[in-house]
Amino acid sequence: MLIRNFLKKNRVYYLTSQIPKGKVSTYGHLAKAMRKPNVTRTIGKILNINPNPVIIPCHRVVYADGEIGGYCNGINEKIKLLSTEGIIIVNRKITNFKDILFTDFK
DNA sequence: GCCATGGCTAGTA
DNA sequence: GCCATGGCTAGTA
């Protein structure tokens, strides 16, 4: 049971690490990539306890409608990180969301 | 019982 | 904006 959770968490982190700089993905798309479309909220929890927010780019995971969602170090930090990667955010929403959406998980 | 979601809908402009 | 879901976990017994 413990091993199973360990593997699941690492799968989430591995998939998240595939999102390239300048792009974003959503909790829902990560859930689909895990073949478990209903675990979206759990994905959020797992990213929240992310042991290494720099290596694992959990700031590139946002809501399905392009709103930026939460971040373990506060959403201002998330906005800052995304901005430095060239992503434009106007009152918590990504302007060209559809153009920079990454879904091609391996 | 909590929640870093998502989808649907009412109601505005 | 509202609420149905579903997986997790603290805390009880």
Side-chain angles (χ1 to χ4, degrees):
Chain A
M1 202 58 77
L2 224 52
I3 288 280
R4 194 182 159 75
N5 287 336
F6 177 80
L7 292 175
K8 193 201 284 180
K9 281 176 190 172
N10 280 281
R11 177 87 177 135
V12 172
Y13 297 144
Y14 172 65
L15 289 171
T16 302
S17 73
Q18 294 177 22
I19 307 170
K21 195 186 213 182
K23 298 223 166 195
V24 296
S25 196
T26 71
Y27 302 96
H29 279 104
L30 278 174
K32 262 179 230 155
M34 308 263 304
R35 308 249 167 209
K36 287 233 170 202
N38 295 324
V39 299
T40 50
R41 306 186 85 137
T42 308
I43 302 263
K45 264 188 197 171
I46 290 171
L47 292 179
N48 191 23
I49 58 170
N50 179 353
N52 199 330
V54 180
I55 305 293
I56 300 158
C58 55
H59 60 281
R60 295 181 191 147
V61 183
V62 301
Y63 286 172
D65 62 355
E67 213 172 302
I68 59 164
Y71 192 62
C72 54
N73 294 331
I75 58 168
N76 286 335
E77 181 68 13
K78 190 169 185 176
I79 291 171
K80 198 163 83 181
L81 284 168
L82 289 173
S83 296
T84 62
E85 298 183 353
I87 291 168
I88 297 156
I89 297 154
V90 178
N91 55 39
R92 298 190 178 183
K93 244 180 155 174
I94 297 168
T95 53
N96 57 336
F97 177 55
K98 292 200 173 83
D99 301 329
I100 61 166
L101 179 61
F102 174 85
T103 59
D104 188 25
F105 293 105
K106 300 284 187 308

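Values below: all heavy atoms of this structure, side chains included; hydrogens, waters and symmetry mates excluded.
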### Query
Among Thr16(A), Asn10(A), Val12(A), whose side chain to side chain contact (heavy atoms under 4.5 Å, CB included) with Ile46(A) holds?
Val12(A)
Which atom pairs link the protein and nucleotides 3-7 of chain B when you take only N or O atoms and keep those under 3.5 Å?
from, atom 1, to, atom 2, distance (Å)
dA4(B), N7, Asn48(A), OD1, 3.0
dA4(B), N6, Leu47(A), O, 3.4
dA4(B), N6, Cys72(A), N, 2.9
dA4(B), N3, Tyr27(A), OH, 2.5
dA4(B), N3, Gly70(A), O, 3.3
dT5(B), OP1, Tyr63(A), OH, 3.4
dT5(B), N3, Arg41(A), NH1, 3.1
dT5(B), O4, Arg41(A), NH1, 3.4
dG6(B), OP1, Gly28(A), N, 2.3
dG6(B), OP2, Ala64(A), N, 2.8

#### Entry: Atom of Met34(A), atom of Ile43(A) and distance for their closest heavy-atom approach
CG-CD1, 4.3 Å
### Summary
The Watson-Crick or G-U wobble partner of dG11(B), with both key distances under 3.5 Å, is none
## Note on the structure
Protein-proximity profile, nucleotides 8-13 of chain B, B/S/- by nucleotide at the 4.0 Å heavy-atom cutoff, equals ------
### CZ on Phe97(A) to CD1 on Ile68(A), rounded to 0.5 Å
12.0 Å
### Task
Identify the heavy atoms of His59(A) and Lys78(A) that sit nearest to each other, and give their distance.
O-CE, 3.3 Å
### Summary
Separation between CD1 (Ile55(A)) and OG (Ser17(A)), nearest 0.5 Å, reads 10.0 Å
### Message
How close do Gly69(A) and Ile75(A) get, counting heavy atoms only, and between which atoms?
### Response
O-CG2, 3.1 Å
### Query
Across all strands shown, which nucleotide pairs with dA4(B) by Watson-Crick or G-U wobble geometry, both distances under 3.5 Å?
none
### Message
Any heavy-atom pair between the side chains of Lys8(A) and Val39(A) that's under 4.5 Å?
### Response
no
### Message
Between Lys36(A) and Thr42(A), is there a side-chain heavy-atom distance shorter than 4.5 Å?
### Response
no
